[in-house]
There are 2 protein chains.
Amino acid sequence: MTDLSIGRLARLSGVKVPTIRYYESIGMLDAPPRSPGGQRRYGDGHLEQLRFIRHGRELGFGLDDLRALQDLSARPDRSCEEADGIARKQLAEVERRIAGLEAVRRELERMVERCSHGVVDECRVIQTLSDHHLCAGDHAPDHQTVPRDT
Amino acid sequence: MTDLSIGRLARLSGVKVPTIRYYESIGMLDAPPRSPGGQRRYGDGHLEQLRFIRHGRELGFGLDDLRALQDLSARPDRSCEEADGIARKQLAEVERRIAGLEAVRRELERMVERCSHGVVDECRVIQTLSDHHLCAGDHAPDHQTVPRDT
DNA sequence: CTTGAACCTCTAGTCGCTATAGGAATTAGG
DNA sequence: CCTAATTCCTATAGCGACTAGAGGTTCAAG
Ligand SMILES: [Zn+2]
Ligand SMILES: [Zn+2]
Ligand SMILES: [Zn+2]
Ligand SMILES: [Zn+2]
């Protein structure tokens with residue numbers, strides 16, 4: 001019952017203030033009680049919950065999976081089969097993404113290395129983009145979304 | 001002047017019909033002439049342009065970068081310095097993402113391997129999510145967005 | 001000339017946030 | 001106790017790169 005303000009909770013958890021409110025709005029984080037003036041007052045349980053979510057996000061889990069994992073951790077007597085399944089699925093997904101990125105990395109390296117740095121018309125980068133036949137192999141048959149940095 | 005319909009262009013380029021319209025709407029792809037009834041009629045230039053974009057997307061370039069690269073390729077006499085810079089930046093970004101995903105992969109592997117597959121309370125997956133100290137190392141200090149599959 | 005496939009525009013949804021505007025509440029200092 | 005600075009509130013819109021659906025029109029094969 002440490003009665004944390006949202007800002008303090010943000011500092012302790014490493015999750016930004018607007019993100020905490022966002023998690024509450026989509027039902028990922030329990031809505032806390034409010035001060036007489038209407039401000040959120042969090043307890044230790046919320047901090048734990050938020051750290052769980054943050055750690056899961058760092059490991060690449062989607063919020064849906066984390067919700068399922070959260071629900072499971074509230075039922076300590078059940079078999080952990082489902083939790084392990086989610087983790088294995090996540091591992092497979094990460095491996096798939098790494099494989100795709102490795103293929104992309106090889107092609108990018110190749111085109112950067114082979115460019116003689118002259119004029120655009122002879123630029124290996126531009127040429128390769130115009131013609132996949134200049135690539136060494138196949139790359140990224142599947143989708144890749146570019147992440148954002150903050 | 002092959003006078004391609006959008007559907008045929010989609011098949012020839014590997015880019016979906018709504019995506020082609022989307023590219024036009026954001027100015028990535030030149031707006032084609034229309035049939036008397038108002039339907040889009042593409043030429044070979046559009047097909048080339050679209051293949052360029054698609055190839056670039058497969059290599060992980062953002063649409064902004066691809067626009068810049070497209071503009072450069074229209075000026076064949078200029079130095080390719082800028083193009084090479086964009087490609088090197090992209091390579092660095094891909095390397096950064098691989099490094100992050102490798103760290104995540106190691107942790108996921110670790111937690112899946114160490115679980116004795118009993119009850120949730122003793123599940124290494126759940127425990128690790130609750131406590132980063134059970135991780136072997138640091139992972140993903142930066143953002144990662146989960147890609148979508150189609 | 002009919003019919004069914006392909007096309008059109010427009011809007012809203014995806015994921016996981018982030019940013020801004022325009023206020024109200026809290027807290028630290030004097 | 002009062003003020004000023006800081007933090008907090010809601011609500012809305014935007015990011016990237018699409019995808020999905022509704023409701024209507026045009027085209028091309030037979
Ligand atoms: Zn070059
Ligand atoms: Zn290629
Ligand atoms: Zn387990
Ligand atoms: Zn960890």
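Residue numbers begin at 1 in each chain, while the letters A, B, ... track the order of the sequences.
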K.L.:
Any donor-acceptor pair under 3.5 Å linking the side-chain atoms of B:Asp84 with those of A:His117?
P.N.:
yes

K.L.:
Could you check if a side-chain atom of B:Val17 sits within less than 4.5 angstrom of a side-chain atom of B:Tyr22, using non-hydrogen atoms only?
P.N.:
no

K.L.:
Is there side-chain contact between A:Cys80 and B:Cys115, with heavy atoms separated by less than 4.5 Å?
P.N.:
yes

K.L.:
Starting at OH of B:Tyr42 and ending at P of C:dC7, how long is that distance when rounded to a whole Å?
P.N.:
10 Å

K.L.:
Please confirm whether the shortest side-chain N or O distance from B:Thr19 to OP1 or OP2 of D:dT19 is below 4.0 Å.
P.N.:
yes

K.L.:
Could you check whether any side-chain N or O of A:Arg51 sits under 3.5 Å from a backbone N or O of A:His55, counting only pairs where one atom can act as donor and the other as acceptor?
P.N.:
no

K.L.:
Anything under 3.5 Å between a protein N or O and an N or O of nucleotides 26-28 of chain C, put it in a table, one pair a line.
P.N.:
| unit_1 | atom_1 | unit_2 | atom_2 | d |
| --- | --- | --- | --- | --- |
| C:dT26 | OP1 | A:Ser35 | OG | 2.8 |
| C:dT26 | OP1 | A:Gly37 | N | 3.1 |

K.L.:
What is the separation between atom CZ on B:Arg11 and atom C1' on C:dA5, rounded to the nearest whole Å?
P.N.:
11 Å

K.L.:
Expressed as a whole number of angstroms, how long is the span from B:Asp65:CG to D:dA17:C1'?
P.N.:
14 Å

K.L.:
To the nearest Å, give me how far apart CD1 (B:Ile20) and C1' (C:dC7) are.
P.N.:
12 Å

K.L.:
Does some side-chain heavy atom of B:Pro32 sit less than 4.5 Å from a side-chain heavy atom of B:His46?
P.N.:
yes

K.L.:
Rounding to an integer number of Å, can you tell me how far A:Leu63 CG sits from C:dC17 P?
P.N.:
6 Å

K.L.:
What is the distance, to the nearest angstrom, from the CZ atom on A:Arg21 to the C1' atom on C:dG16?
P.N.:
16 Å

K.L.:
Would you compute the distance between atom OH of B:Tyr23 and atom CG of B:Leu66 and round it to the nearest 0.5 angstrom?
P.N.:
8.0 Å

K.L.:
Using OP1 and OP2 only, check whether a side-chain N or O of B:Arg57 sits under 4.0 Å from D:dG16.
P.N.:
no

K.L.:
Answer yes or no: is there a side-chain heavy-atom contact under 4.5 Å between A:Leu9 and A:Leu50?
P.N.:
yes

K.L.:
Quick check: do B:Leu129 and A:Leu69 have side-chain heavy atoms less than 4.5 Å from each other?
P.N.:
yes

K.L.:
D:dC8 phosphate, OP1 or OP2: any side-chain N/O from A:Arg34 under 4.0 angstrom?
P.N.:
no

K.L.:
Do A:Val94 and B:Leu108 come close enough that some side-chain heavy atom pair is under 4.5 Å?
P.N.:
yes

K.L.:
Give a yes/no answer on whether the side chain of B:Tyr23 brings an N or O atom under 4.0 Å of OP1 or OP2 in D:dC18.
P.N.:
yes

K.L.:
Between B:Lys16 and D:dT19, is there a contact of a side-chain N or O with OP1 or OP2 at under 4.0 Å?
P.N.:
yes

K.L.:
Report the distance from atom CD of B:Glu24 to atom P of D:dA17, rounded to the nearest whole Å.
P.N.:
18 Å

K.L.:
Take the protein atom CZ of A:Phe61 and the nucleotide atom P of C:dG16, then report the distance between them rounded to whole Å.
P.N.:
13 Å

K.L.:
Describe the nucleic acid contact of B:Arg40 in one word from base, sugar-phosphate, nothing, applying a heavy-atom distance below 4.0 Å.
P.N.:
sugar-phosphate

K.L.:
Looking at every strand, decide which applies to A:Ile26 at a 4.0 Å heavy-atom threshold: base, sugar-phosphate, or nothing.
P.N.:
nothing

K.L.:
If we only count heavy atoms from C-beta on, is the B:Gln49 to B:Gln70 side-chain gap below 4.5 Å?
P.N.:
yes

K.L.:
Between the axis at one end of the helix from C:dC1-D:dG30 to C:dG30-D:dC1 and the axis at the other (five pairs apiece), what's the angle to 10 degrees?
P.N.:
0°

